[in-house]
Peer 1: 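Pasting a structure here, questions to come.
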Amino acid sequence: QVQLVESGGGLVQAGDSLRVSCAASSGRTFSSYTMGWFRQAPGKEREFVVCISWSGGSTYYADSVKGRFTISRDNAKTTLSLQMNSLKPEDTAVYYCAAALETRYWSSTYYSLANNYDSWGQGTQVTVSS
């Protein structure tokens, strides 16, 4: 349905900050989706990072990133961002942007599951060296 493109990945030192972004193709439909970030490290399954409702009023973070990462969205610009602070080597992964058409009642449990998302970007590599 919606086309997504990630950007902003790179190589940084432990303790540094990085901001990754996701651009959507359609501004008139972007606000109808819950957006999420997932990541996948070599040899590991894709894991949930954080999600945000269409209005930005509801967010849910994985315990591993809570307090360090901050998600935000700009529906007018049809963009999604993830500010990553105090990066650790274990944060190294390909980061994926995803979109899910919202259900009648918003649920953090529902939107933490990758299978419930309809569209995915190609990913951007984030590497944190020690």
Side-chain angles (χ1 to χ4, degrees):
Q1 291 276 178
V2 59
Q3 303 299 121
L4 305 172
V5 180
E6 301 94 337
S7 63
L11 173 63
V12 298
Q13 299 281 350
D16 284 354
S17 296
L18 196 66
R19 186 181 181 89
V20 293
S21 298
C22 173
S25 62
S26 179
R28 69 182 182 85
T29 61
F30 183 69
S31 62
S32 68
Y33 292 90
T34 279
M35 301 297 296
W37 287 100
F38 291 77
R39 66 186 183 185
Q40 188 166 24
K44 300 183 67 176
E45 294 185 5
R46 187 168 299 187
E47 67 172 346
F48 169 77
V49 178
V50 61
C51 62
I52 184 170
S53 63
W54 72 268
S55 67
S58 297
T59 59
Y60 181 68
Y61 293 84
D63 289 341
S64 60
V65 305
K66 188 176 298 183
R68 298 188 298 120
F69 291 10
T70 303
I71 191 172
S72 62
R73 67 188 297 165
D74 187 330
N75 290 340
K77 296 181 179 179
T78 68
T79 56
L80 178 77
S81 296
L82 181 66
Q83 178 66 45
M84 302 180 288
N85 297 328
S86 302
L87 283 163
K88 307 173 181 179
E90 51 261 46
D91 294 318
T92 295
V94 176
Y95 283 71
Y96 296 92
C97 174
L101 194 62
E102 290 195 347
T103 55
R104 180 172 287 103
Y105 301 105
W106 200 86
S107 168
S108 60
T109 300
Y110 181 88
Y111 291 111
S112 69
L113 302 176
N115 287 342
N116 290 327
Y117 286 77
D118 306 295
S119 302
W120 294 83
Q122 292 300 301
T124 186
Q125 177 71 49
V126 173
T127 303
V128 184
S129 62
S130 59

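Model, not experiment: these values are computed from the prediction.
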Peer 1: Does any part of the side chain of Asn116, heavy atoms only, come nearer than 4.5 Å to the side chain of Thr34, both counted from C-beta?
Peer 2: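 Not in contact.
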Peer 1: How far apart are the C-alpha atoms of Val20 and Glu6, what are their side-chain angles, what is the distance that settles it, and do they pass the side chain to side chain contact (heavy atoms under 4.5 Å, CB included) test?
Peer 2: CA-CA 7 Å; Val20 293; Glu6 301 94 337; over 6 Å; no
Peer 1: Sub-3.5 Å donor-acceptor pair from the side chain of Thr127 to the main-chain atoms of Thr92, do we have one?
Peer 2: no
Peer 1: Should Val12 and Val65 be regarded as members of a common hydrophobic cluster, given that ILVMFWY residues are connected when their side-chain heavy atoms come within less than 4.5 Å of each other, either directly or indirectly?
Peer 2: yes
Peer 1: Is Ser119 close to Leu4 at the side-chain level, that is, under 4.5 Å between some pair of heavy atoms?
Peer 2: yes
Peer 1: Between the side chain of Tyr117 and the main-chain N/O of Tyr111, is any donor-acceptor distance below 3.5 Å?
Peer 2: yes
Peer 1: Let me see the working for Trp37 and Cys51 under side chain to side chain contact (heavy atoms under 4.5 Å, CB included), right down to the final yes or no.
Peer 2: CA-CA 6 Å; Trp37 287 100; Cys51 62; over 6 Å; no
Peer 1: Got a second to check how far Ser130's OG is from Gln13's CD, nearest 0.5 Å?
Peer 2: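 Answer for the OG-CD pair, Ser130 versus Gln13, is 8.0 Å.
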Peer 1: If you define the side chain from C-beta out and look only at heavy atoms, does anything of Ile52 sit under 4.5 Å from Tyr33?
Peer 2: no
Peer 1: Please find the pair of heavy atoms, one from Ser53 and one from Arg73, that lie closest to each other, and give the distance.
Peer 2: O-NH1, 2.9 Å
Peer 1: How many angstroms lie between OG1 in Thr79 and CE in Met35, if you round to the nearest 0.5 Å?
Peer 2: 9.5 Å
Peer 1: If every non-hydrogen atom of Tyr61 is compared with every non-hydrogen atom of Ile71, which pair is closest and at what distance?
Peer 2: OH-N, 2.9 Å
Peer 1: Working to the nearest 0.5 angstrom, can you tell me the gap between Thr124 OG1 and Leu82 CG?
Peer 2: 11.0 Å
Peer 1: Are Phe38 and Leu80 linked, directly or through other ILVMFWY residues, by side chains that come within less than 4.5 angstrom of each other?
Peer 2: no
Peer 1: Report yes if the side chains of Ser25 and Val2 come closer than 4.5 Å at any heavy-atom pair, otherwise no.
Peer 2: yes
Peer 1: Determine, using ring centers only, whether Tyr110 and Tyr105 are less than 6.0 Å apart.
Peer 2: no
Peer 1: Looking at Asn75 and Trp54, would you say the former's side chain and the latter's main chain have a donor-acceptor pair under 3.5 Å?
Peer 2: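 Side chain of Asn75 to backbone of Trp54, a donor-acceptor pair under 3.5 Å: yes, one is there.
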Peer 1: For the residue pair Tyr96 and Trp120, categorise the inter-ring angle as parallel (less than 30°), tilted (30 to 60°) or perpendicular (more than 60°).
Peer 2: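 Tyr96 and Trp120: perpendicular rings.
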Peer 1: Scan residues 82-91 for pairs that pass side-chain hydrogen bond (donor to acceptor under 3.5 Å, both in side chains), counting only residues two or more places apart or in two chains.
Peer 2: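 Every side-chain hydrogen bond (donor to acceptor under 3.5 Å, both in side chains) pair that includes a residue of residues 82-91, provided the two are not neighbours, is Ser17-Asn85, Arg19-Gln83, Arg39-Asp91, Arg68-Asp91, Gln83-Asn85.
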Peer 1: What's the shortest heavy-atom distance between Ala41 and Ala93, and which atoms?
Peer 2: N-CB, 3.8 Å
